[in-house]
Amino acid sequence: MKAKYWGCAALTMGLLAGASTNVLAAGSAGDNYVGVGYAFLTYDESGVPEADLGALTGRFGHFFTDNLAVEGRVGFGVADDTVNVLGVDVDVELDNFMGVYGMAHLPVSNSASVYGMLGFTRGELTGSAGNVSITESDTGLSFGFGLDFSLNETLSLNAEYAQYLDESAYDVSGFAIGASFKF
């Protein structure tokens, strides 16, 4: 995990933990949820400077048991970066991503649970320099962990770190924050 994400993660998780309430942290069997968030992503390729990207994300899921859920996500890039590769400025842009993940929640209090995620992500990135633009898409195994904090019976906040794509030539990972609504 990148050092800059540790600070964001620690601050967010500390704020979430400091606002305790007495509600169930994870979902209940049969609960559905939808959510939105923002992901601070890093595109890291060997021999190329890292690109910092941002994405708006949407998520939807279903709890099959009190602690196990399946979740789908979509994301759209909203913050691009420019890196210098051998004296040429290259614009790096996340076009979109989608994925499906298994989520295992472990309650740590009445209002908080930690979770692990495992699944697959398909993402599309574009690199542009001058009049040349190359768009690539890839699908790969994804994994991560996070903290879900319930503000009340329906509204939760979350903070997580995820490795979305880990390919031989590059990886895309990052820290995300968001909110979700159970129904």
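Just the heavy atoms: all of them, side chains too, but no hydrogens, waters or symmetry mates, feed the values below. Since this is a predicted model, take the numbers as computed values, not measurements.
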Exercise: do T126 and T135 side chains pair donor with acceptor under 3.5 Å: yes
Establish, from distance only, whether the side-chain atoms of H105 and N67 form a donor-acceptor pair under 3.5 Å. no
Taking side chain to side chain donor-acceptor pair (under 3.5 Å) as the test, write out the residues that go with N96, two or more places apart. none
For S128, the side chain to side chain donor-acceptor pair (under 3.5 Å) test, sequence neighbours excluded, returns S133
How about [X] and [Y]: do any of their side-chain heavy atoms sit closer than 4.5 Å?
X    : Y    : value
D171 : Q163 : yes
F40  : D52  : no
F64  : V70  : yes
N32  : H62  : yes
Y170 : D138 : yes
V172 : F97  : no
L94  : L41  : yes
F120 : S142 : no

Report, one line per pair, each donor and acceptor closer than 3.5 Å where one atom sits in a side chain of residues 72-80; sequence neighbours left out.
unit_1	atom_1	unit_2	atom_2	d
R73	NE	E71	OE2	2.5
R73	NH1	E160	OE2	2.5
R73	NH1	Y164	OH	3.4
R73	NH2	E71	OE2	2.9
R73	NH2	E160	OE1	3.0
R73	NH2	E160	OE2	3.3

Supply the atom-to-atom distance [X] [atom1] to [Y] [atom2], rounded to the nearest 0.5 angstrom.
X    : Y    : atom1 : atom2 : answer
S180 : L157 : OG    : CG    : 8.0 Å
T121 : L165 : OG1   : CG    : 6.0 Å
D166 : L141 : CG    : CG    : 8.5 Å

Is it the case that one hydrophobic cluster holds both L125 and M98, taking links as side-chain heavy atoms less than 4.5 Å apart, direct or via other members? no
Test side chain to side chain contact (heavy atoms under 4.5 Å, CB included) on V100 and R122; report intermediate values, then the result. CA-CA 9 Å; V100 63; R122 181 201 171 281; over 6 Å; no
List, one per line, each side-chain donor-acceptor pair under 3.5 Å for residues 82-90, sequence neighbours excluded.
unit_1	atom_1	unit_2	atom_2	d
T82	OG1	D91	OD1	2.6
N84	OD1	G87	N	2.9
N84	ND2	D89	OD1	3.2

Which heavy atom of [X] sits nearest to which heavy atom of [Y], and what is that distance?
X    : Y    : answer
G140 : E167 : CA-OE2, 3.8 Å
L53  : D81  : CD2-N, 3.9 Å
S156 : K182 : OG-CE, 3.9 Å
Y38  : T57  : N-OG1, 4.1 Å

Judged by atom type as modelled, is there a donor-acceptor pair below 3.5 Å linking the side chain of T65 to the main-chain atoms of L68? yes
Would you list the pairs meeting salt bridge (charged side-chain N to carboxylate O under 4.0 Å, His left out) in which at least one residue belongs to residues 107-117, sequence neighbours left out? none
Any chance you could pull the hydrophobic cluster mates of V34, using side-chain heavy atoms under 4.5 angstrom and chaining through other members? F60, F181, F183
For D66, the option from P107, S113, S28 that meets side-chain contact (heavy atoms from CB on, under 4.5 Å): S28
Can you list the steps and then say if T154 with Y33 is a side chain to side chain contact (heavy atoms under 4.5 Å, CB included)? CA-CA 9 Å; T154 57; Y33 60 94; over 6 Å; no
